[in-house]
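For the numbers below, each heavy atom of this structure counts, side chains included, while hydrogens, waters and symmetry mates do not. Being a predicted model, the structure only gives us computed values, none of them experimental.
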Number of protein chains: 2
Amino acid sequence: MPNSKPTPVTMDAVYTAPGYLFRRMQQIAVALFIEECKAFDLTPVQYAALVTISTHPGIDATRLSAVIAFDRSTLGNVIERLQAKDYIVRKPAPEDKRVKLLFLTKAGAGVLNEIMPSVDKAQARMLQPLKPADRKTLLSLLTQLVDLNNEASRVPLRAEDALEHLGRSG
Amino acid sequence: MPNSKPTPVTMDAVYTAPGYLFRRMQQIAVALFIEECKAFDLTPVQYAALVTISTHPGIDATRLSAVIAFDRSTLGNVIERLQAKDYIVRKPAPEDKRVKLLFLTKAGAGVLNEIMPSVDKAQARMLQPLKPADRKTLLSLLTQLVDLNNEASRVPLRAEDALEHLGRSG
DNA sequence: ATTTAATTGACAGTATACTTACAATACGGC
DNA sequence: GCCGTATTGTAAGTATACTGTCAATTAAAT
């Protein structure tokens, strides 16, 4: 009789799983971001896209997705929303008819400057409960882990590759 | 002239933000889970729900949401999908006509038992790149941080409260 | 130079994750 | 026992996040 002893299942199968903990922390991070930045009507993803377009004016959607490691399909919708809010504009690339280049508008640059302190506050708040030394340790291990697992993600970060033929502005 | 010196924006505003790193790790965690468990057609969230229904048979959707800290609305759809796959059944509660109680089916209990090793493999893989001591440190800090930030999340974990009048089976 | 392959943005479809709102039901104070 | 209130499940609407696919276009192979 095979499989005669099924392992007894406990909630530890959920609570101690790193994947569960990362999910919870991500949800906490988004909640804190939204709370601190509620005056600005910008989501964390939209903020990351704005920052990247700011540091790489004229980047296209595919390269943007590689630089922040967000899915290309998802980013299409994000870009549409940023455009609807008049924070960015899309201009057709002269040398490649498929490509649309992304630029910040004045309003986009303004929001980005204004939201920064609130973003910093949110980022600080989510580590606040830890002792300063533990914050540094966690951030260091987390940075290492994300980097070492880069290829495991569906959309690996390709910061360098993506910018090879751009003006190397970031 | 106010605001005459806008802070120069760099990609560090994204790359070093803990929120960004948590988002990346969550995406990596999901990718690894899906890859290891592709034979089973179960998502991480569906797995967590199945485990909880297994350890708390007869739990209702609202309490389930509190025990795994997932949004109540989201969970409605998750439950529908688990029901469509015949992994769970919903039975009306005799003493409260609003409530529908959740139970595993034989198939649900079977999948849960079979998928466990693959889930463990995925969870191990995402920490694998770190040295064993660093894995322990990260997991400890992450667990602390999630717990200390519990109230900041939109759906705080309420494991105890949620089970007060249940049979205390977990 | 013409066929083949790769890239780009777009779209459809599924699955979380959250908000607000709502009807049905249950419960509290009185 | 009635009434205001809270709870439960559900639904609609928005925003990620991923899978495919597709047409248009460009690049590469020969």
Can you check the Leu64(A) CG to dT16(D) P distance for me, whole Å? 13 Å
Value in whole Å for how far the P atom of dT7(D) lies from CZ of Arg158(B): 12 Å
Nearest nucleotide by nearest heavy atom, which residue falls closer to the 5' end of DNA chain D, Ala61(B) or Ile28(B)? Ala61(B)
Between Arg125(A) and Glu151(B), does any side-chain N to carboxylate O distance fall below 4.0 Å? no
Yes or no on side chain to side chain contact (heavy atoms under 4.5 Å, CB included) for Arg24(B) and Leu21(B), after CA distance, side-chain angles and deciding distance? CA-CA 5 Å; Arg24(B) 292 265 286 133; Leu21(B) 295 168; 5.7 Å; no
Test: Asp41(A) and Lys85(A) ion pair at under 4.0 Å: yes
Using heavy atoms and a sub-4.0 Å distance, could you list which residues of residues 93-103 of chain A are near DNA chain C? By number, please. Arg98(A), Val99(A), Lys100(A)
Interatomic spacing from CD1 in Ile79(B) to CG in Leu64(B) - rounded to 0.5 Å: 5.5 Å
Return a single string for nucleotides 18-23 of chain C, one symbol per nucleotide in 5' to 3' order, where B is base contact, S is sugar-phosphate-only contact and - is none, cutoff 4.0 angstrom on heavy atoms. BBB---
Ignoring backbone atoms, establish whether Arg81(A) has a side-chain N or O less than 4.0 Å from OP1 or OP2 of dT14(D). no
Rounding to an integer number of Å, can you tell me how far Glu80(A) CD sits from dA15(D) P? 11 Å
Spacing of Gln26(A) atom CD relative to dT16(C) atom C1', expressed in whole Å: 11 Å
Ignoring hydrogens and angles, write down the donor-acceptor pairs under 3.5 Å from the side chains of residues 98-106 of chain A, residues two or more places apart or on other chains.
residue: Arg98(A); atom: NE; partner: Asp96(A); partner atom: OD1; Å: 3.1
residue: Arg98(A); atom: NH2; partner: Asp96(A); partner atom: OD2; Å: 2.9
residue: Thr105(A); atom: OG1; partner: Asp86(A); partner atom: O; Å: 2.6
residue: Thr105(A); atom: OG1; partner: Tyr87(A); partner atom: O; Å: 3.3
residue: Thr105(A); atom: OG1; partner: Ala107(A); partner atom: N; Å: 3.4
residue: Thr105(A); atom: OG1; partner: Gly108(A); partner atom: N; Å: 3.0

Is a side-chain donor-acceptor pair under 3.5 Å present for Gln46(A) with Arg81(A)? no
Got a second to check how far Ser54(A)'s OG is from Asn113(A)'s CG, nearest 0.5 Å? 8.0 Å
Rounded to whole Å, CG of Leu50(A) lies from P of dA15(D) at a distance of 14 Å
Could you state the CG-P distance from Asp60(B) to dT25(C), rounded to the nearest angstrom? 17 Å
Rounded to whole Å, please give me the gap between CG in Leu82(A) and C1' in dA15(D). 12 Å
For DNA chain C, find the residues of residues 30-48 of chain B with a heavy-atom distance under 4.0 Å and give them by number; none if there aren't any. Thr43(B), Val45(B), Gln46(B)
I would like to know whether Val67(A) and Tyr15(B) meet side chain to side chain contact (heavy atoms under 4.5 Å, CB included); could you show each step before the answer? CA-CA 10 Å; Val67(A) 170; Tyr15(B) 291 153; 3.4 Å; yes
Quick check on dT10(D): is either OP1 or OP2 less than 4.0 Å from any side-chain nitrogen or oxygen of Arg90(B)? yes
Tell me, with the steps shown, if Leu82(B) and Val78(B) meet side chain to side chain contact (heavy atoms under 4.5 Å, CB included). CA-CA 6 Å; Leu82(B) 287 174; Val78(B) 176; 4.3 Å; yes
Contacts of Lys91(A) that satisfy side chain to side chain donor-acceptor pair (under 3.5 Å) - sequence neighbours left out: none
Identify, with sequence neighbours excluded, every residue that meets side chain to side chain contact (heavy atoms under 4.5 Å, CB included) alongside Glu95(B). Ala93(B)
Rounded to whole Å, the CZ-C1' distance (Phe22(B) to dT16(D)) equals 19 Å
